[in-house]
Structure formats: structure tokens, C-alpha cells
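Letters A, B, ... are given to chains in the order of the sequence lines, protein chains preceding strands, and every chain is numbered from 1. Quick note: numbers below take in every heavy atom, side chains included, and nothing from hydrogens, waters or symmetry partners.
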2 protein chains.
Amino acid sequence: MAAKLKNELHESSNLAGSKLAGASNSIQVNFNSLPAEENPPERISIRDVAKQAGVSIATVSMVLNQNPRISRPTHARVQRVIDSMGYRPNRLAQSLSSRYTQVLAVMLPPLRHAFADAYFGEILSGISDRAGKLGHKLLIEQAKPQYIKEGKHIELYERRFVDGLLCLGFNEKHAFLSDLRQYPMILVDNRFGDGVLDYVHCDYRMGAKQAMNCLLQLGHRNIGMIYAAPESPTARDVLEVYTTELRHAGIEPKESWLADGCFTDEGGAAAAELLTHRDKDITAFLCGNDKMALGAIRYLVEHGHKVPQDISVVGFDDIQHLAYANPSLTTVHLPLYELGVAACERLVSRIRGKVDHVADVLPTHLVLRESTSIVRTR
Amino acid sequence: MAAKLKNELHESSNLAGSKLAGASNSIQVNFNSLPAEENPPERISIRDVAKQAGVSIATVSMVLNQNPRISRPTHARVQRVIDSMGYRPNRLAQSLSSRYTQVLAVMLPPLRHAFADAYFGEILSGISDRAGKLGHKLLIEQAKPQYIKEGKHIELYERRFVDGLLCLGFNEKHAFLSDLRQYPMILVDNRFGDGVLDYVHCDYRMGAKQAMNCLLQLGHRNIGMIYAAPESPTARDVLEVYTTELRHAGIEPKESWLADGCFTDEGGAAAAELLTHRDKDITAFLCGNDKMALGAIRYLVEHGHKVPQDISVVGFDDIQHLAYANPSLTTVHLPLYELGVAACERLVSRIRGKVDHVADVLPTHLVLRESTSIVRTR
DNA sequence: CTACATTGTTAAACTGATTAAACAGTTAAC
DNA sequence: GTTAACTGTTTAATCAGTTTAACAATGTAG
């Protein structure tokens, strides 16, 4: 109810203006108008094709589905009729009958800007591309509290909206996920309940290890960590590796080196402020994602710390346009597009019964750019 | 084929690591397991409900659809059976029979990062929210060249995937749009062929007028324009108002004040470079969107121009986090969320036959922030 | 020359709903 | 006291496909 539209009021006046503009310099467009196009487009069904081709509807159906029991000549003849009539099978009827919808759903978390997010967007790109190639359509849903309360996520399957579901941006705090255990579903870029749910995620441990190795080799010993969502297993992976690698280097991690940045730009800035005030000797930040890293850098630069001369910053995700940032961000590259591709691929395999459990981890690597350097000497 | 997955290789080793992590600190989760959940979930149909309630399936159907011809007591009795059995009507069957799918498609342009775009994301948010409230699902499609060539956009209707379509980010160069003329479709934030297609867009003329008035009142007379997509009617609206308002103020616009920024950050930077070199006297830029404005500012700041002291910059869109930019960006606020809401709303009205033509324009306004100031005196 | 596969096609059942028309059972009108 | 109108429910057709089992026609083996 947030949006109150008063457009009717403006319509007439603006329309006059727009008409003018359109008339003055609109580009020529080819309208291939048909003679009787305002009539109902007269849907043709499999029966029409069968009649026209002089075969039964079963035969047409089998031609459509490339059934090998149909002979070459019959197939060719029917196919020709199909093409000439421009027949396109009704997907609803196909799905009802075959029990497969060829539709997948993507579930996004109830964040305000979930649709405009670089992280989700990149995964979605991969999902969308692969779904298209596999002949599947994509439904997008957002798991708002009310939505879950009403059981809409279960209806997705029960009412046969989709064959399977990909969940992005959820973690073990999202209990509704376990409702979906019995259906084809893949948790993307996380795990759940020690592997009860199928998943595909990036190798956060590998990335964290490389990031820490890099910072330690550059001589950093007081390394802060801006984390987020400790209820997320993959986020915990990073925290654990951070701790382990510090100890491995003979450094005892301090509680005061940790701050929650909520995965947001502003959160990253706030965390950077907190950490720099808590410990003046911190010379590097490991950040749970790029947005927090960028926020941290913004805070640092605005408050007289030079990046990377005074403080090095490492991110996670490798979202777009990072190379254009100033300084450009050293970060752990997550293969998000490939993650989307893999998740989609695996989900379809699960739906088709080709696999019965999915648990894939995709390799990650550190991308060195300008936001890291050798530790400052005081 | 860009993604080559080598995850199988990594799976075993990483899995070992992740299992360890999961076991060590996983959060307790409540698995409300049913006794016989591995069996096929045993779908119940309208027939089962009818039998159980001792009525015909027609009666159940009419209860489902709130048909007033069903008496109070019968309705109550059947509804109770429906609830107790947990019956959920099969949407495929409903759609096949009723000829409405209750699904809308959103078509995005074939840009690499269309799914991670702040502009599209905001509109999508509005569409998604309203579609949910109206009981409609959302399909997302990307109009890649191959997709259009194969006529998939027409299949969307012909094969009954959807009832209607919302097209985001297209303009008059995209000829395939005219294929959809005969179906319920709304062009979002643009016009096409002088109004042949239904549309809802923001009032770019109003926004441009306010931006130009602001710059002129601040004393700017040499105002450059970083535009994009001149084949887009709404983009032309801005160009026209820019020209008109300059003339109105007694200034003859120069060709050398115009540069195409391609709607991108990098394009904006390149355009700023071009314009500053072509005319040293330029003191302000009007930019076709925020991304280009941000790119322009980045270029200016990196090359010794102070913003806004030397050069003022105005954007268009008012995307998120602009207030956090440095300097924060003065821009024309487009009601993108509301635009999505309105487009969705109108599309459903069109599908239901409540309106037969849609041509709405939503008001815009200038948001003054730090990237504009009174003209520099030399 | 029957018996038996094999091959290609089809009739008919099925998917799970909606809806127009028919049909009883009441009530109101003339 | 019939006729007409109204209620509430059901019968049966329909939406547009898939799929199983049956069938005819042909080829092959015994």
C-alpha cells in the first residue's frame, strides 16, 4: 500500500507532450499487420493437426516428443503439417498430463533490494542462462514472512507451479527450508543442517585460506575481520579459517578484532569505525563480502587512513566494477555465475531422478588488486 | 559454455572439510518428520474432496471459486473437508480449464548484468510485490537475440505460459516488440511507435525541466549533456527539454556539449573526458542516468576538477546509496518502485479486459544533494 | 501353414480442474 | 391448481495434451 498513484491527474497533460515528441522524431517501425488480427487468434490444437495430417492425435503427440516408434515417413509428414499450421503445443495441457511443468522457482530472501543485488544478480544470470538451455522457465519468488506463513512455498510444489526450487541467500536460521526437504530443492551458496538439504556452494574455506595467507605473507599480524550472518555455515567457514590461520601463524586472535557488518555497505563502514577505535594497531581487514569491504574503505579514506598504505582490505565475492573502485579491491573471487549454472544443472538432474543427493563445492581464488600491500612500519 | 565446472574434483576433499565444520557448530534445527514421508506424497484431487464431502466435483469447484450459487451450509461443509484434507487445487488443471494462467512474464534486455541492475531491480521489486498481492506469479525472461529469433517471446502467450508481459529496458529499436501488439503487454518506462503499444513511464520531461531550471538558476550557462540511447523516446524527451530550456534562457545549445555515455559508469567517465576537453567552459553536466553521473564524477575528481565547485553534476534515476556517494548526487528521482506497481496493476486490468489501452505517466521530481552548486566565477 | 515376433498406428483412459445446461425441489403469481 | 420463477446441486462436456494397451500388418521361424 506504499504506492499511491496519482497518474490519472497527470496523464492527459503529459500525453499531449509525449505525442508531440513521438510525432516529431519517432523511428520508422514495420507493423506486419494481418488482415483479421483483432479476432480471437483461433487456437489450433493437436486434434486439428491430427485431422489435417490424417493421423491420430496419439501419433502427433509422439512426433512432438520424438518417440522412436513413429516411422520416418510419418514423422516427416506430420512435422510438415505442424510447421505449416504453425502449431504450438499448449504447455498447460502437456504439464498436466506429463506431470512435469518445466518450470523452476528461484527464492530470494525478503531484503528490500534483493532484486537489485550484485551478488544475487550474478547467480541469477547463471541460473537463467542454464535454465533456458535446458528448456525450463524461471519463476521468481521472495520469501516474505507472510508468504511463508501462508505456506506459499509449499504450494509452489503442491499446486504444481514448479518442478523444483533454488534458494538463494538463506541459512540455517530460515527454518522454513526444512519444509521443502521432501521436494526437489537446492540451497545455493550455503549448507543446512549438516547436509540434510541438497546444496551447491563456493569454497569459502579455500578463499579464506588464500586471503589470510596473502595478508600474513605481506607481514600483517593484527588482522581484523568484518563478518556477517554467523548463522550461515559458509560464513562460519570463513571465520573458522580466519581463526585457524592466525593461530597457525602463531597469533592468538582477539575477540576485539571481530565486528559484524551485516553484509551492507553502511555496516562495513560502521564495523571499520568500531575496529579502528578498539585497536589502533590493526593493519588489515578481512571482510565477508565486497559491499562491507567497500564500506570499510569509504570510512577509512574519509577518516584519514590510507588504503592500502595504512590498512589493507580484502573482500569476498568479486562483484562487478570493483576494478574501477579507488583503490581497486583485492578480493576472493566467487564463481557466482558458474554457481548458478551448476545449481540449475543439478536441480534438473534431481528432478529427473538422475541423482538423489547434491553436495557440490566450487573452487574459489584470490584476486590481487590495489587495496592490499605490505604492512606499514611504524 | 563459459562455465567449466571442475567441482567433482574438489568435492570429496571439500566435503570432508565442510562436514567437520557442520558437525562442530551447527545450529539445532527442528525436523518435523512425518512417519511415511519417503512415499509419493499421494496427491489428492477435487474428486477425493467431493467424495469425502458427499457432493459433486462441480460443487467443490464452485466452493473453491466462491460461487454465490452454493448455499451457506454446503459451502461451510465442503470448506471444512477441504481444510481437513489439506487439499490444494492443481493450478495446471485450473489454468487449462479457465484459460487464465495467473502468471505474468517480465522481459529484460540482453545486457550482461541485467539481473544485477539497480534500475531494473527497483522496478522489479514493485512488480513482484504487486503481482503477489494480485495472486499472480512472475516469470523472468531475457530477450537474447537467439531467443527472439526462435519466437520464444510469442510462445510465451501461444503456449499459454503467461497471461501478459511487462517489457523493461526496451525502446523503438527493438522491433520484436511489435510482434506482441495483439497480446496483453505493457512497455515499462518507455513509449513505442507513438503509442501503438501500451505503456507506463516516468515523466522524464518534468524531471528534465526541473533539473535544467535548477542548473540555470544556479547561474550555469554552459551546460553539457551526457545522454544515451537516442532511439528511446523517453531519452529523447530529456534531450528535447534540455535544448528547449537552454533556448528559453537565451542560450544556443552547441553540438559539442553532447556526448553519448551508453548508460554505463565507464561511458559516463569517457563522456566527461570528451566534454571537458571539447569545451573548457562547461560548468555543469546533465546526465541521462545516475550510473553515468557517477562515472562522470569519478573521472572529474580523478582529473583535478572539484565537484561541485568546478563542475556541477545532475543525474537521473535516484538509485540506492546515492546519498552515501561522495559528493552525494543531485538527481531526478524516478518513482521506479511505483512504476513497477503501476505497470503490474495496469497489465492485470488489461488481461481482465477492464481497460483496453494503457498510457500512464508518473510524476518525477528533483532531489537536491551535494553534486550541484552555484556556478564558479573565474 | 500355423505360431510368433516385430513394427507402426490408434482407441481409449487419464491428467484435474471449470462451466453450461439440466434437473429437482420450493415458492410465488395468476 | 397449474404455471412460472427461483435455488441449489449435479450431469456431462470441455480444456489440450500423454500414455497404456490393443490392434492390424508384415516378416520370420518351426
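- The side-chain contact (heavy atoms from CB on, under 4.5 Å) search around B/Ile82 returns B/Val49, B/Val60, B/Val63, B/Leu64, B/Val78, B/Gln79, B/Tyr87, not counting sequence neighbours.
- For B/Ser45, the side-chain contact (heavy atoms from CB on, under 4.5 Å) partners two or more places apart in sequence, or in a different chain, are B/Arg47, B/Asp48.
- Ranked by how close their nearest DNA chain D nucleotide is to the 5' end, B/Val55 and B/Arg160 are led by B/Val55.
- Residue B/Tyr100 contributes atom OH, which lies 14 Å from atom C1' of D/dC15 at whole-angstrom precision.
- A ring pair (Phe, Tyr, Trp, His ring centres under 6.0 Å) check over residues 142-164 of chain A, counting only residues at least two apart or in different chains, returns the pairs A/His153-A/Phe176, A/Tyr157-A/Tyr183.
- Under the 3.5 Å distance criterion, with hydrogens and angles disregarded, no donor-acceptor pair is assigned to the side chains of A/Ser125 and A/Ser128.
- Qualifying side-chain hydrogen bond (donor to acceptor under 3.5 Å, both in side chains) partners for B/Asp129, counting only residues two or more places apart in sequence or in other chains: A/Lys144, B/Tyr337.
- Closest approach of A/Val200 to A/Ala342, counting heavy atoms only: CG1-CB, 4.2 Å.
- In this structure, A/Asn67 places its CG atom 9 Å from P of D/dT19, rounding to the nearest Å.
- Taking 4.0 Å as the cut-off between side-chain N and carboxylate O, B/Asp198 and B/Arg346 do not count as a salt-bridged pair.
- Comparing the start and finish of the helix from C/dC1-D/dG30 to C/dC30-D/dG1, five pairs each, the helix axis swings through 60°, to the nearest 10 degrees.
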Protein-proximity profile, nucleotides 13-23 of chain C, B/S/- by nucleotide at the 4.0 Å heavy-atom cutoff, equals --BBBBB-BB-
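- Look at B/Glu338 and B/Arg130 and you find no salt bridge, because none of the NZ, NE, NH1 or NH2 atoms lies under 4.0 Å from a carboxylate O.
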